[in-house]
Amino acid sequence: KNILKVNENRWISYFSKQIVVLIYTVFFFAVAFLTSVLSVALMGKSFEMGFTSDVIPYLGLQILLSFAMTTITGLVSYVSNTGFGMVFSIVTGAGLLNLLFMLIDILVNNVIKPGADFATSRYLITGNAASVTMGMDASDMVRPIIVGCVFLVIGIFVTGIIHTKKDVH
């Protein structure tokens, strides 16, 4: 709290927090990957994968999407003291947001454009994180990269603006 009062540029403080979150995300995925490789080795099974063609793109996409998710989570935590933050937390925690997305899918596919193959999960972080697999084609990586970057930019700038304007309690 005192550091933010002294620091005239709160963006520096905010970006330092984001760097810590990024380091944690990279560390988490590195440990998860090493644990997976070790568990396969302990079971006596063998597997082959190209490190540069399979592992690096997979981990890179998952890190991008996870970091984007943490910035959105940070945005919600900044507004958690407001009515919007509390309602949003209850709605997402109860799974009601998934119900809303399912209703949007039904509305688009059956009412607005019957027979369309629209799915909101294609444009959300969680849906794209679930669709990322090892060895996926470069053309399949475009949508997760765009979604991750869009959510990351929105999350960083909106949360950063709130961070610089909000009083620290």
For the pair Leu22 and Ile63, evaluate side-chain contact (heavy atoms from CB on, under 4.5 Å) and give the outcome as yes or no after the intermediate values. CA-CA 8 Å; Leu22 178 62; Ile63 288 169; 4.2 Å; yes

Ser66 and Thr25: which non-hydrogen atoms are nearest, and at how many Å? CB-CG2, 3.7 Å

Verify the cluster assignment for Ile156 and Val20: are they in a single hydrophobic cluster under the rule of side-chain heavy atoms below 4.5 Å apart? no

pair Ile154-Phe151: side-chain heavy atoms closer than 4.5 Å: no

If you take all heavy atoms of Asn128 and Arg143, which pair is closest and at what distance? OD1-NE, 3.1 Å

Within the supplied structure, the quantity of interest is the number of heavy atoms (other residues, nucleotides, ligands) at a distance under 6.0 Å from Tyr24 OH; does it exceed 12? no

For the atom pair CG (Leu107) and NZ (Lys113), what is the distance rounded to the nearest 0.5 Å? 14.0 Å

Take Met136 and Leu61, measure what side-chain contact (heavy atoms from CB on, under 4.5 Å) needs, and give me the verdict at the end. CA-CA 11 Å; Met136 65 189 297; Leu61 276 175; 4.2 Å; yes

Side-chain heavy atoms of Pro144 within contact of Leu65, under 4.5 Å: yes

Side-chain touch Val147/Leu124, heavy atoms, less than 4.5 angstrom: no

Taking side chain as C-beta onward, heavy atoms only, is Leu100 less than 4.5 Å from Thr120? no

Is Val111 reachable from Val108 through a run of hydrophobic residues whose side-chain heavy atoms are each under 4.5 Å from the next? yes

After noting the C-alpha distance and the side-chain angles of Ile104 and Phe118, does the key distance pass the side-chain contact (heavy atoms from CB on, under 4.5 Å) rule? CA-CA 9 Å; Ile104 291 171; Phe118 178 78; 4.1 Å; yes

So how far is it from Leu59 CG to Leu64 CG, rounded to the nearest 0.5 Å? 12.5 Å

Is the closest basic N to carboxylate O distance between Arg122 and Asp117 below 4.0 Å? yes

When you compare the side chain of Tyr123 with that of Phe101, does any pair of heavy atoms fall below 4.5 Å? no

Using only atom types and a distance under 3.5 Å, with no angle test, would you say the side chain of Gln62 pairs donor to acceptor with the backbone of Ala129? yes

Side chains of Thr126 and Met69, heavy atoms from C-beta outward: is any pair under 4.5 Å? yes

Strictly distance-based, threshold 3.5 Å: is any side-chain N or O of Ser39 a donor or acceptor partner for the main-chain N or O of Ser36? yes

Can you measure from CG (Leu152) to CZ (Phe157) and round to the nearest 0.5 angstrom? 9.5 Å

Examine distances only and state if a side-chain atom of Asn109 and a backbone atom of Pro114 form a donor-acceptor pair shorter than 3.5 Å. no

